[in-house]
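Report on one structure; see the data block that follows.
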Amino acid sequence: MDPTGKWLGEWAESSRKNFEKNHRIKSFGEYLLDLRKSPYSLTRNAVQYVVDMMEYFGAEKVYSMGEILTKFTLFSRPVPEEGVTPVTGAEESILDIYSALKNFVIEGKTDRMIHLHGPSGSGKSLIIDRLMKGCEEYCRKPEGALYTFHWVFPAEGGKRMGFGESPAENGPLSTFAYLSAEDISFRLACDMNDSPMLLISPRRRRAFLEEILKDAPEEERNRFLQTRRVLEDDLCPRCRAVFDALHDEYGGDVEKVLRHVQVKRLHVSRKYQRAAAVISPQESPDADGRLLSTDASLDSIPSSLQHLTMEQLGGSLVQGNNGIVEFSDFLSRSSELNKYLLSAVSRGAVEVSRSSVSLNIVPFATSDEESLDSFKQGHEFSAFKGITVFVPVPYSLERSKERGIYLDTLSRIGKFKHVAPFLAEAAGLWAVLTRLHRPQPEAYPKELAGIAAKIGPYEKSVLYDSFTFLVPPLCSFDIQTIESLPYLREEFRGTQFYEGRFGVSPRDMAEVFYGEAYNRENNCISLNDFLEGLGSLTKDQSLFRFLQLKPENGYHDPSAFLDIVRNEYLELFEGDFLRALKVYPEGGILGVVDPYFSALLDGKEDEKTREQGKLLAGEKDPEKYRTELLKAAEKGLKRSEWGFVPLYIEESRNFAASLRKGKEEQIQSALAASLKLLVGGEKNLTAEELPAAKNLIEKMLEDFGYCPHCLYENIKAVLEEKYS
């Protein structure tokens, strides 16, 4: 067999086994057996399903702006084969969504819409997309199995007929569920993708579930809730008409009616709008109906059904039933078109062609802040406010998380053009600086008011990043500044002009990088290239709201932020250079300080950390140094979880100063020799200078990821600004 045929055969075999394993088709009788084993899992409404899905993928505790929050793995786990972008940051917004969903679960119904609002590009739709993608993956797991059903009618004796005995028996109930395609004359799917559970009338359903819960597994029994879906929801109008027609035909024999039911696995799909729908602004209804007879030959419809006026339900709202529906850019829609949502969301039903159709959805809406501000001024806002849970989704205020967004963009660019080290860190810093507000001292306790007034944007960005990214030479914190972090964090939350509402968006930052990527003047995106790109971005103040804010005390000053970014970048570069020159240890200053402090505070010192302690102690007695350091750190920790940071920064600075002491001339000479070699080649250096300079440049290129272009620019800048 040729390789292609072999591959195709393996695919077919794998598909067949997967079909059998997942039991994708079953009879209604088999479904009832499953329902006895899993009364909770198979009767979950959409919001219970979404909550269970989020919890299924797990969670972890992370720091977010100095506090510990729960982070759901669903939003950050890589899904490369799906091309799904992870959600960076937004832990607080996601927790607000989760809290709203849990409240709906407890109430047993979803009677409000979750409205995500925030600046353009903050990740509102991305969060919903991740929820939909999570449902797509979860529904393929045994724990997340979903079912819907078709009506099937057999063909007998070469004639297309509606009824007849089943060719086989499957358990106590004969069924047409397993008929082959050629044995079926007519198949009718449920347009609403409804659960087979709804084939049991609400009155009988309650009694049946109460009975099977007595013998159900404990976990299923404990989690079961009497939701509106369990107690009230019924079949869609077309399925109810078919059921009633068959009921009459068979003289009330329900067993004969249900043998026409073919239960099928329901696979969520955002792409095909199946239990996951995105509804864009439009002028057409989100749910509608049309006569089925216009699309199907009358002789293919069973005679018992031909007297019915059967409609096919359609529209994004119908397709998204039993899942998540996003009303994208919600406030750009016609207000008249949105009015029906008041009833649809609060009642859990929508009117289609003079019939009421039960909905089982988790409704989301997204909008930008300007549209929401305008909507609040209108008379319709009060009506929608009652059915809406508002969740702000600001831009990230944590530069280490913002950095993660740009790493992906730069890695793509790096495939065809060199990207200087630390550009993602620089981009993350500048972006966050544009989003911060100046603290208002009058909002703080008297003992912290003076401290709050002195906190600049760079220090605030370090505080908000939970000290994840520290450059000790550029910042210092006393314990009172650290104690102000909770007040800083809460100061603008819940207000109309929260932090992260204004500022540059990740999309705009990506455009800066792509703009420099297409610049053919050189083969590298260096710091200078990046800063020039930012300068061009901020030239036209009318393009961005954050450029129109009045600078105050260093805040809202994009030009000053360029200097902050440049200073930090050159400090990081010099650290690399000094490591290559072997003035600093291989892991850098923090490569010694960080593990030593961690071991000291955790009480888990070993031989390696004791050696690090000797390096930090310098001429002091290591044991005495350790004792004094631990005592000072514990004193700070009594006041704040981050109370050791001032000591950490001080020791880092002292260690760096001790290593550089007496070597300033050596460092300057090495920088100058490297610059000469990059500019004019070997002829610019003496025979004594050349080997060391060549080795140094080679190390910077190979070990630290610089190229000759960005290395030259950085060395020149450091010489001019720090060794002039």
Side-chain angles (χ1 to χ4, degrees), residues 46 85 87 90 93 97 100 110-133 135 268-290 313-321 323-353 357 359 361-395 501 505-508 543-545:
T85 305
V87 177
S93 299
I97 293 170
T110 305
D111 57 0
R112 279 156 290 168
M113 176 186 293
I114 300 177
H115 190 138
L116 308 186
H117 59 97
S120 175
S122 64
K124 302 179 291 294
S125 290
L126 183 58
I127 291 173
I128 301 171
D129 188 52
R130 270 281 173 161
L131 287 170
M132 290 180 177
K133 289 293 184 183
C135 289
V268 178
S269 173
R270 181 189 184 281
K271 180 177 181 179
Y272 299 112
Q273 300 261 317
R274 190 165 56 237
V278 178
I279 302 177
S280 301
Q282 54 193 6
E283 292 300 324
S284 59
D286 302 320
D288 54 28
R290 58 180 176 176
L313 301 180
S316 297
L317 195 58
V318 169
Q319 292 172 299
N321 192 45
I324 296 171
V325 174
E326 175 193 352
F327 292 91
S328 179
D329 207 6
F330 177 69
L331 298 178
S332 296
R333 291 158 53 95
S334 164
S335 60
E336 292 300 317
L337 189 62
N338 282 338
K339 284 181 179 178
Y340 80 95
L341 289 175
L342 287 169
S343 173
V345 172
S346 61
R347 288 177 50 234
V350 65
E351 301 297 323
V352 181
S353 298
V357 179
L359 288 177
I361 61 171
V362 182
F364 283 90
T366 61
S367 69
D368 60 67
E369 289 294 354
E370 286 69 26
S371 298
L372 182 58
D373 286 345
S374 299
F375 185 57
K376 287 178 179 177
Q377 307 307 313
H379 64 278
E380 296 171 342
F381 176 70
S382 58
F384 274 94
K385 183 181 177 183
I387 63 161
T388 305
V389 177
F390 291 100
V391 176
V393 184
Y395 292 137
R501 170 171 176 168
S505 77
R507 293 173 187 167
D508 294 321
L543 291 177
F544 302 104
R545 181 73 175 88

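For the single chain, residues carry numbers from 1 onward in sequence order. Please read these numbers as outputs of a predicted model, since none were measured by experiment.
One N or O on the side chain of Y395 and one on the backbone of S120 form a donor-acceptor pair closer than 3.5 Å. For the pair K124 (side chain) and G118 (backbone), a donor-acceptor distance under 3.5 Å is present.
For S367, the side chain to side chain donor-acceptor pair (under 3.5 Å) partners are H115, not counting sequence neighbours. Every residue was checked against the side chain to side chain donor-acceptor pair (under 3.5 Å) condition with Q319, not counting sequence neighbours, and none meets it.
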Steps toward side-chain contact (heavy atoms from CB on, under 4.5 Å) verdict (I387, D111): CA-CA 7 Å; I387 63 161; D111 57 0; over 6 Å; no
Stepwise side-chain contact (heavy atoms from CB on, under 4.5 Å) test for I97 and I127: CA-CA 10 Å; I97 293 170; I127 291 173; 3.8 Å; yes
F364 vs V278, side-chain contact (heavy atoms from CB on, under 4.5 Å): CA-CA, chis, key distance, verdict: CA-CA 9 Å; F364 283 90; V278 178; over 6 Å; no
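The minimum heavy-atom distance linking A277 with M132 is given by the pair O-CE, 3.5 Å. Shown here for F375 and E380, the closest heavy-atom pair between the two residues is CE1-OE1, 4.1 Å. The shortest heavy-atom contact between A100 and I114 is CB-CD1, 4.0 Å. Taking every heavy atom of both residues into account, I361 and G320 meet most closely at CG2-O, 3.8 Å. Considering all non-hydrogen atoms of both residues, T110 and P363 come closest at CG2-CD, 3.6 Å. Contact record, P394 with S93: CD-OG, 3.7 Å, taken as the closest heavy-atom pair.
Atoms CG and NE2, from D368 and H117 in turn, are 11.5 Å apart once rounded to the nearest 0.5 Å. Distance OG/S328 to CD1/I128: 8.0 Å, rounded to 0.5 Å. Here the CZ-CE distance, from F390 to M113, works out to 10.0 Å after rounding to the nearest 0.5 Å. Residue L331 holds its CG atom at 10.5 Å from NZ of K376, rounded to the nearest 0.5 Å. If you take CZ on F330 and CG on L116, they are separated by 12.5 Å, rounding to the nearest 0.5 Å. Taking CZ of R501 as the reference point, atom CG of D373 lies at 4.5 Å (rounded to 0.5 Å).
Heavy-atom neighbours of K385 NZ from other residues, nucleotides or ligands within 6.0 Å: at or below the threshold of 12. Within a 6.0 Å sphere centred on OH of Y272, other residues, nucleotides and ligands contribute 12 heavy atoms or fewer.
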